[in-house]
Amino acid sequence: MNRFSYVQAASVDEAVAALAADAAAKVVAGGTNLIDLMKYNVERPTRLVDITRIPGLDQIEETEGGGLRVGALVPNTAVAYDRLVEERYPLLSSAILAGATPQLRNAASTGGNLNQRTRCYYFYDPQTACNKREPGTGCPAIAGVNRIHAILGQSEQCIATHPSDMAVALAALEAVVHVAGPSGARRIPLADYHRLPGNRPEIDTTLARDEIVTSVELPAAAQEFRANYTYLKLRDRLSYAFALVSVAAGLTIESGSIRKARIALGGVAHKPWRRPDAEDLLVGKPASNETFARAANLLLEGARGYEHNAFKVDLARKATIRALGQAAAATPQSQVDKRIR
Ligand SMILES: Cc1cc2nc3c(=O)[nH]c(=O)nc-3n(C[C@H](O)[C@H](O)[C@H](O)COP(=O)(O)OP(=O)(O)OC[C@H]3O[C@@H](n4cnc5c(N)ncnc54)[C@H](O)[C@@H]3O)c2cc1C
Ligand code: SF4
């Protein structure tokens with residue numbers, strides 16, 4: 001591990017100033033991803049800015065607009081089991097409980113979960129080339145072992161996926177990320193927070209280097225999915241594994257026809273994958289497998305796999321149909337007994 005200095009920020013302003021003062025500084029929250037990456041010599045910050053003592057970032061509060069604001073330091077467990085989140089945004093609780101393990105969820109923060117880095121095997125191995133870790137060195141995953149890699153939105157530079165389950169639910173709920181930086185605060189819709197790799201795969205998000213996430217806002221409108229929702233996660237084993245494909249789905253159904261739909265896919269792209277036209281296609285239609293299949297086809301349009309992950313194209317299509325069926329029937333995927341029946 002490289003030498004680094006450690007700063008405990010007492011306020012958001014102090015954290016931002018500490019980041020601005022050192023181009024190789026990094027924020028640390030729960031540390032469950034960053035510290036691993038430092039041990040592997042993948043991340044080499046010269047300064048760690050610990051934000052865990054900043055007051056006020058560990059709260060869940062109601063907003064004036066009728067939504068909820070989740071502070072960046074609220075642990076994943078606390079979000080998942082918060083009474084208001086469970087009541088109003090059960091899709092978010094379900095997605096968080098589908099991820100990692102209880103111990104990790106206790107330590108992991110909301111801001112850290114959003115900003116966790118890809119699980120691409122080559123990214124974690126400094127002995128190999130990797131455009132995300134060392135820009136310009138190449139992407140061995142394209143012709144290598146790529147079972148967990150992207151089938152949508154990838155580039156010739158990088159085919160990594162974003163591994164967060166929570167972010168997939170936040171995408172379907174159209175959450176807004178609140179950030180603070182040297183020039184003040186700003187809001188970033190979740191759809192614009194994570195980016196596709198393009199020719200800058202080393203950049204995961206639209207957060208500037210000297211900004212931090214302060215909270216995530218759940219809009220009031222997304223409460224309408226509290227009856228008809230599901231988070232369906234397909235993985236190689238039932239615990240302790242990242243998604244091969246996951247689907248966050250929310251529907252509002254009136255007199256048997258769909259009034260509103262939101263669908264986000266995880267495990268398939270460098271960001272949670274949404275296609276508003278696939279969601280619009282469902283509006284005014286009956287909740288049937290035939291309609292769901294049409295939406296799934298549009299959502300997966302242009303999907304392309306590689307030697308070890310081509311199966312994900314059909315898996316994602318079938319998972320989308322199954323998830324929409326679960327949401328329509330108000331029988332969400334259980335995260336206690338995770339078996340899919
Ligand atoms: C074995 C294992 C299994 C896992 N399985 C899953 C899974 O199935 N699903 C899943 O979703 N996740 C899974 N995870 C990942 C886990 O959810 C993340 O490691 C965790 O959410 C990161 O949160 P943290 O607070 O520990 O972040 P840290 O490790 O502290 O930070 C992670 C990154 O976020 C940045 N960061 C942290 N807070 C902020 C902030 N407020 N503003 C800006 N940047 C910030 C840091 O600089 C760093 O780059 C797993 C992890 C492990 C180790
Ligand atoms: S897929 Fe991305 S993260 Fe993985 S080796 Fe290629 S460039 Fe690196």
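Atoms within each ligand, like the ligands themselves, are counted from 1 in listed order. Computation of the quantities below employed the complete heavy-atom set of this structure, encompassing side-chain atoms and omitting hydrogens, waters and symmetry-equivalent molecules. Starting from 1, each residue takes its place in the sequence as its number.
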*asked:* Working note: E202 + R209, criterion salt bridge (Lys or Arg N to Asp or Glu O under 4.0 Å); need CA distance, chi angles, decisive distance, verdict.
replied: CA-CA 12 Å; E202 73 277 17; R209 207 202 52 72; over 6 Å; no

Would P140 count as a contact of ligand 2 if the rule is a heavy atom under 4.0 Å away?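 It does, in that a heavy atom of P140 comes within the 4.0 Å cut-off of ligand 2.
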
Should you measure from each heavy atom of N113, which atoms of ligand 1 turn up under 4.0 Å away?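 The atoms of ligand 1 under 4.0 Å from a heavy atom of N113 are 17 (O), 21 (O), 22 (C), 23 (O).
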
* Just which atoms of ligand 1 are under 4.0 Å from any heavy atom in S164? ->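 Per the distance check, 11 (O).
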
field: Per-residue contact class, Q157 against ligand 2 - non-hydrogen pairs under 4.0 Å
entry: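 Contact part for Q157 vs ligand 2: backbone (N, CA, C, O).
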
With nothing but distance in play, are any N or O atoms of A108 less than 3.5 Å from an N or O of ligand 1?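 No; the residue has no nitrogen or oxygen that sits under 3.5 Å from a nitrogen or oxygen of the ligand.
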
| query | Is there a heavy atom in A167 that sits closer than 4.0 Å to ligand 1? | reply |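 Not so, A167 does not reach ligand 1.
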
**OP:** Among all protein heavy atoms, pick the one closest to atom 41 (N) of ligand 1 and tell me residue, atom and distance.
**Re:**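 The closest heavy atom on the protein side is V213 O, 3.1 Å.
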
query: Starting from atom 15 (C) of ligand 1, which protein heavy atom do you reach first, and at what distance in Å?
result: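 Checking every protein heavy atom, the shortest distance to atom 15 (C) of ligand 1 gives Q116 OE1, 3.2 Å.
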
**Prompt:** Do you see an N/O/S atom of C139, backbone or side chain, under 2.8 Å from atom 8 (Fe) of ligand 2?
**Reply:**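 So C139 does not bind atom 8 (Fe) of ligand 2 by this criterion.
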
Requested in this report: For atom 2 (C) of ligand 1, state which one of L34, L104, I54 supplies the nearest heavy atom.
Outcome: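 Residue with the shortest heavy-atom distance to the ligand atom: L104.
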
Review point. Can an N, O or S atom be found in C120 less than 2.8 Å away from atom 4 (Fe) of ligand 2?
Key: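 Given the 2.8 Å cut-off, C120 counts as a ligand of atom 4 (Fe) of ligand 2.
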
